[in-house]
Asks: 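The structure that follows is given in the form of structure tokens.
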2 protein chains.
Amino acid sequence: MEEIASRAPSIRDVAQAAGVSTATVSRTLTTPDVVSKSTREAVFAAIEATGYRVNLAARNLRKRETGAIAVLVPNLANPFFSRILAGIAEVMMEAELNVLIADTKPTAGGEHSFPEYVRQNHVDGIIVLDGKLRHEKLLDRGSPDIRAPMVFACEWIASIGRPVVTVDNQEASVRAVQHLLKLGHRKIGHICGPQENVLSSSRLEGALGAMQSVGLRMKPDWIYPGDFSLQSGAEAAKQWVRSDDRPTAVFAACDEMALGFMGELMRRKVRVPRDVSVVGFDDLEMAAHFVPALTTVHQPRATMGRAAARMLLERMRMRPEDRVAGPAPRIILPVKLAERESTAPPPG
Amino acid sequence: MEEIASRAPSIRDVAQAAGVSTATVSRTLTTPDVVSKSTREAVFAAIEATGYRVNLAARNLRKRETGAIAVLVPNLANPFFSRILAGIAEVMMEAELNVLIADTKPTAGGEHSFPEYVRQNHVDGIIVLDGKLRHEKLLDRGSPDIRAPMVFACEWIASIGRPVVTVDNQEASVRAVQHLLKLGHRKIGHICGPQENVLSSSRLEGALGAMQSVGLRMKPDWIYPGDFSLQSGAEAAKQWVRSDDRPTAVFAACDEMALGFMGELMRRKVRVPRDVSVVGFDDLEMAAHFVPALTTVHQPRATMGRAAARMLLERMRMRPEDRVAGPAPRIILPVKLAERESTAPPPG
DNA sequence: ATCCTGCATGTAATCGATTACAAGATAGAA
DNA sequence: TTCTATCTTGTAATCGATTACATGCAGGAT
């Protein structure tokens, strides 16, 4: 017996059905304690009867809010980000904010795509997981005081002073390399992340630093280029195989590359960890299921997402002028090394 | 020299700056051809000068639209969905619609979460990738004619007559099993997807049917329960190892389970494909990089996402009364079997 | 000169919810 | 009884953009 309505019921329909004014209906919804019990019940009954749903566009227009936050992800296809997103979504759902997810992966044109709703301030806040976006794009969003607050997570852009939630990439890399050193490796290589990425450089620096502090150097040949993809890990493996003077252990800047590296090696009958040890970074689900299971730096991905979300909520509650005052906060989450089967003492 | 404004510039500010009415500004933005060249230029200059951005809440309120569509994903952490999302995002960005992504994975409470913005008709359309949602939730969104159109992709709910974009899961499974039969396998097992899932049942049926059509049966012991996770694939492997009468080939309902299965087997010194052949379903990136590379049914994921998005756009343009008339369209995309290293003739 | 046509623009109503302010009702105090 | 305090409710302005309708003007036809 569903009634056919030409348009969705509005607050006026509810008001009429309950025999009150629209103001009372609105108050019943937003501040129930200021209306009398009897009217409250009448209004709720009318809402039930009419099937009324608040029109968010109208509410947002009036309240000068949008009720949504945006998350900019460098590459949705990379499983690394999904857990972080889940953490963000969890917190934001509780705060009754919608989450818009945008993949900023460069399109055919080569330019990083950038949704209009971010540029046009159509969100109340922004979480950026992409450290490669162009500065202007992120900052060209009107004058600072009407700009939606922004926080970085995982990656960040050093020249933009905004809060960051991340792990100590350098320290984590030091620990990964120290693990290899402790096993007796002296010839250690590194598969890098994409250039001009803060993660790539700090992980490389950490690795180099750990070597240096025990008086070792990393041969330039052992520093393989990469872009965080399985494919680039496989490329590094081909390069490793071709070489005369091979590292006995390789630390990859992410698990995907580590897995791609191991896969290609094993396909060429190189055994891990007997012939070469491999350490990754991230601890994807797959890392523990691969054979051999990958020794890797565990990142608390869901925790990072939740922390970034909470940080953003806090910034959204601040007055705009307070946001720019003082240094941007920085949350560094702890990491641990998950020691599994892909590392062992060097051969010979 | 950025000017400090207490609020974002509105269309009135632009109108004032350009010396025209708000109507003219609006027309310049939406139908530039009806305003004269000179005013058009003046308005654009004023927009530039004021840093004006359309207020979407106001526009949507007036136009009775929301400018967004929602995608309901069963589990964002599963890499299978990311490519589909990328396909959807690509088409929707072109159509200037925002994409809201919601993970419907059951929360601690056990109930599938369901964002308010879907329930409350705060989107112009919905793409559902989750076939396990409760019917009422999807349909309890007001009377049919004011309801946002909905299409299913990949998974669907048989009792809800809405357009579907998918592959022929049954046929694909038949082909996967035929491949094993052709190699000489007679004892073939299957790792199932979660119960009460259309994909699980049609893939199982396809497998059983292929066996049956050559006069073979699948022993109940060879039908392993699963839930599309790596872990459940590993569990199946433990079961396989324990058994006396083992299948010589196993067809898994998804790649994650196939990889989890192979990983656990190899960890127990069972060799793939020498001791047992494995076929997956989906063709994740990882499938080709695993060792051995996984033979699997390739799903055109990005294509599926794009097709679903275009289908939804089409439905959004239809008049509501036309949407309910006639049967819901159904797009079946072709699949192909990617034959790789995880399958070989049975041992002995 | 007069009228008509068509283009460019302005006026003002509208979308649906929120909220400052006013006003009415009720109860208790003096 | 009268006045005040408190609680509840209604009136109407407002948020910012869109658009139906009205108006004004230029140029051509008669």
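Every chain is numbered from 1 and lettered A, B, ... according to where its sequence line falls, protein lines coming before strand lines.
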Asks: At less than 4.0 Å, is any side-chain N or O atom of B:S26 found next to OP1 or OP2 of D:dT19? Yes or no.
Replies: no
Asks: So, OP1 or OP2 of D:dA13: does either fall under 4.0 Å of a side-chain N or O from A:R62?
Replies: no
Asks: For B:L100, run the side chain to side chain contact (heavy atoms under 4.5 Å, CB included) check against B:L72, B:V123, B:V71 and tell me which one passes.
Replies: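 The side chain to side chain contact (heavy atoms under 4.5 Å, CB included) with B:L100 is passed solely by B:V123 among B:L72, B:V123, B:V71.
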Asks: With no hydrogens and no angle check, is any side-chain donor or acceptor of B:T66 less than 3.5 Å from a backbone partner on B:D124?
Replies: yes
Asks: Hey, does A:V25 reach any base, or is it just sugar-phosphate, or nothing, if we go heavy atoms under 4.0 Å?
Replies: nothing
Asks: Let me know, please, whether A:A58 or B:T39 comes out on the 5' side of the other along DNA chain C by nearest nucleotide.
Replies: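 Its nearest nucleotide lies further toward 5', so the answer is B:T39.
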Asks: Counting only side-chain heavy atoms from C-beta out, which of D:dG10, C:dG16, C:dA13 sits nearest to A:N55?
Replies: C:dG16
Asks: Output the single nucleotide from D:dG10, C:dT18, D:dG16 whose closest atom is nearest the side chain of A:R27.
Replies: D:dG10
Asks: If only atom types and distance count, is the side chain of A:R310 paired as donor or acceptor with the main-chain N or O of A:V91 below 3.5 Å?
Replies: no
Asks: Is the distance from OP1 or OP2 of C:dG16 to the nearest side-chain N or O of A:Y52 less than 4.0 Å?
Replies: no
Asks: Between atom CZ in A:R12 and atom P in D:dG10, what is the gap in whole Å?
Replies: 14 Å
Asks: Using atom types as modelled and distance alone, determine if a side-chain donor or acceptor of B:R301 lies under 3.5 Å from a backbone N or O of B:F80.
Replies: yes
Asks: Can you tell me if B:S10 touches the phosphate of D:dG16, counting only side-chain N or O atoms and a distance under 4.0 Å to OP1 or OP2?
Replies: no
Asks: Between D:dT8 and A:S36, is there an OP1 or OP2 to side-chain N/O distance shorter than 4.0 Å?
Replies: no
Asks: Take atom CG of B:D13 and atom P of D:dG16, then tell me their distance rounded to the nearest Å.
Replies: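 Checked: the CG to P distance equals 9 Å.
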Asks: Among D:dG10, D:dA17, C:dG10, which nucleotide has an atom closest to any side-chain atom of B:R59?
Replies: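 Between D:dG10, D:dA17, C:dG10, the one nearest the side chain of B:R59 would be D:dA17.
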Asks: Is A:S21 touching bases, backbone alone, or none of the nucleic acid, heavy atoms closer than 4.0 Å?
Replies: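 Base, at least one base atom sits under 4.0 Å.
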Asks: Could you check whether any side-chain N or O of A:R315 sits under 3.5 Å from a backbone N or O of A:R323, counting only pairs where one atom can act as donor and the other as acceptor?
Replies: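 Side chain of A:R315 to backbone of A:R323, a donor-acceptor pair under 3.5 Å: yes, one is there.
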Asks: Side chain of A:I11: nearest nucleotide among C:dC21, D:dT8, C:dT18?
Replies: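 Nearest nucleotide to the side chain: C:dT18.
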Asks: Among the candidates C:dT9, C:dG16, C:dT19, find the nucleotide nearest to the side-chain atoms of B:V35.
Replies: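 Looking only at side-chain atoms, B:V35 lies closest to C:dT9.
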Asks: Between B:R64 and C:dG16, is there a side-chain N or O to OP1/OP2 distance below 4.0 Å?
Replies: yes
